[in-house]
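Just below is one structure, and these are the notes that go with it.
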Amino acid sequence: MATEQNKLPAIISHCKEYGFIFPSSDIYDGLSAVYDYGQWGVELKKNIKDTWWKSMVYMHENIVGLDSAIFMHPTIWKASGHVDNFSDPMIDNLDSKKRYRVDHLIEGFAEQLAANSEEASKAILVSMDQLLSNDDFAGLKQLIIDHKIKCPISGTCNWTDVRQFNLMFSTQLGSVADDSDTIYLRPETAQGIFVNFLNVQKSGRMKIPFGIAQIGKAFRNEIVARGFIFRMREFEQMEMQFFVRPGTQKEWYESWKTTRMQWHLDLGIPAEKYRFHDHVKLAHYADAACDIEYDFPMGFKEVEGIHSRTDFDLTQHQLYSKKKQVYFDNDIDETTGKPYGNYVPYVIETSIGLDRTILLVLSEAYTEEDLSTPEKQDSRVVLKFPNKLAPIKLAILPLMKKDGLSEIAKELMNECRESFFCFYEEKDSIGKRYRRMDALGTPFCVTIDHQTKEDGTVTIRYRDSMEQERINMSDVRNKVMEALK
RNA sequence: GCGGAAGUCGUAUAGUGGUAAUACCUCAGCCUUCCAAGCUGAUGCCGACAGUUCGAUUCUGUUCUUCCGCUCCA
């Protein structure tokens, strides 16, 4: 039996054995923190995407979709701050083995110093900023040594050299390798939305407030990528950027917090498995930010971020592209009696990690049940997915592979396969086939037996309760369809 | 990246200086038929590369990968 401690390894094994998730490049010993989705994993992933897309795009008249390219103009990442802010110089203390961001370390020291001397404190920060903007790593180390800045843990000044870790993957566009051809694989999908803001707004005749939703891959060269599919170097995001009138961002931020949490709860996951975590230290672009955290097998971790990004991104792109990123608001401002006029919209971002959501759903669904009776030991592993997320919706099982039962089963198969994903199986005992479907999380199994030939009824068996009932074969399709709503 | 632990069929585990075992899974067949573990048979593993050795899966080194911590994030 898997305990909370070894639940994650149990899930990882189960995912591999039953075709959900394989390590990437498995026959070559894998590739660190990269995974492939197998035949059932890809269905699960698709179903989660569909659920999100439907809730965002289909259910909101003022939200539309987008699929922007992974390659983008390199200046976009200068404008967004990724070139400067996501390439932080780091330093390690050799005694405590702790790693620090150089700016955090020096800022912390300056803060302490400020208690005695405001001036000395400011002086350090000024020289730090200068060194940082010149990428002078040797100078930064010298600054740390000159001021005898110690590691808070070990209390020593035994430092490594300052090194840089760039979170963005770079590659070359075009056949001639040249600095000017260096482009990045996007570290977030958001910028693709921002640079298409006016395209979508104008061509879609969108009126503020409105949103643009996008699902796509993003890439981050994490220093430490760990935790199965929780933190991968290549991952998929489901993002929605919601453009609002300046001054209304607070209420929209709150509103999207509620809406997004409700989406999670609508998956049937209990509220106590979730919590909000408000950011105290805000990113350079935000005026409010929080995470939705889920209680993973390894503890509460972030699944989704909701950020009030202000007008930072559009203003930056306006600056770097020299193209106005403004919206003309015809609505009447009651205080002036005139239209609101031109402004750069504020943005509320909801950004959920698709792979993390998959791990969330798997963690919630994975169940080991002890079915032992005094006569017999018995257990099963069952994935209790919400019906709409299950890779296979219906298994169609002839009780025996003779007496024409297979033919009837295939008729039913053909009737249902257009409406939802079905799985046909005639091998092994019926009990074994039920259990195999439990392991894949199939919510419904239908068995065709001799009685079917007489009165057209079949047995439908429910995954979670293991209960069975007799229904008309002609009702099967509708019954499953009903359960998928 | 640093520290600690570990890599044996698809999964989970044995074991040995003379190239390997068990269970489940999978496959072929038999039997049975509404909840896995009945019978017969089959496929499939010592992460990789070096070194020591007559001989290495076992000892040593390197490397790769994974797990547990530290930092960043979706």
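As the structure is a computational prediction, the values presented were derived from the model and not from experiment. Letters go in sequence order (proteins before strands), and every chain restarts at 1.
- Put simply, Phe235(A) rests on the base of rA74(B): the two rings are less than 5.5 Å apart at their centres and nearly parallel, under 30°.
- Within 4.0 Å of Asp428(A), counting heavy atoms only, lies no atom of the nucleic acid at all.
- Using a 4.0 Å heavy-atom criterion, one finds that Arg433(A) contacts no nucleic acid atom at all.
- Of the side-chain N and O atoms in Ser429(A), none sit less than 4.0 angstrom from OP1 or OP2 of rC35(B).
- Only one option out of Phe242(A), Trp53(A), Trp263(A), Trp256(A) pairs with His60(A) in a ring pair (Phe, Tyr, Trp, His ring centres under 6.0 Å); it is Trp256(A).
- Cation-pi geometry between Lys217(A) and Phe235(A) is not met: the NZ or CZ atom fails to fall both under 6.0 Å from the ring centre and inside 45° of the normal.
- Using a 4.0 Å heavy-atom criterion, one finds that Lys301(A) contacts no nucleic acid atom at all.
- Taking the syn range as angles within 90° of 0, the glycosidic angle of rU32(B) is outside it, so the base is anti.
- Side chain Arg435(A) to base rC35(B): a donor-acceptor pair is found below 3.5 Å.
- Nearest nucleotide to the Arg356(A) side chain, out of rC73(B), rC35(B), rG10(B): rC73(B).
- In summary, Arg260(A) and Glu239(A) do not engage in a salt bridge, as defined by a charged side-chain N under 4.0 Å from a carboxylate O.
- Between rA28(B), rC73(B), rG10(B), one nucleotide has an atom nearer to the side chain of Arg220(A) than all others, and that is rC73(B).
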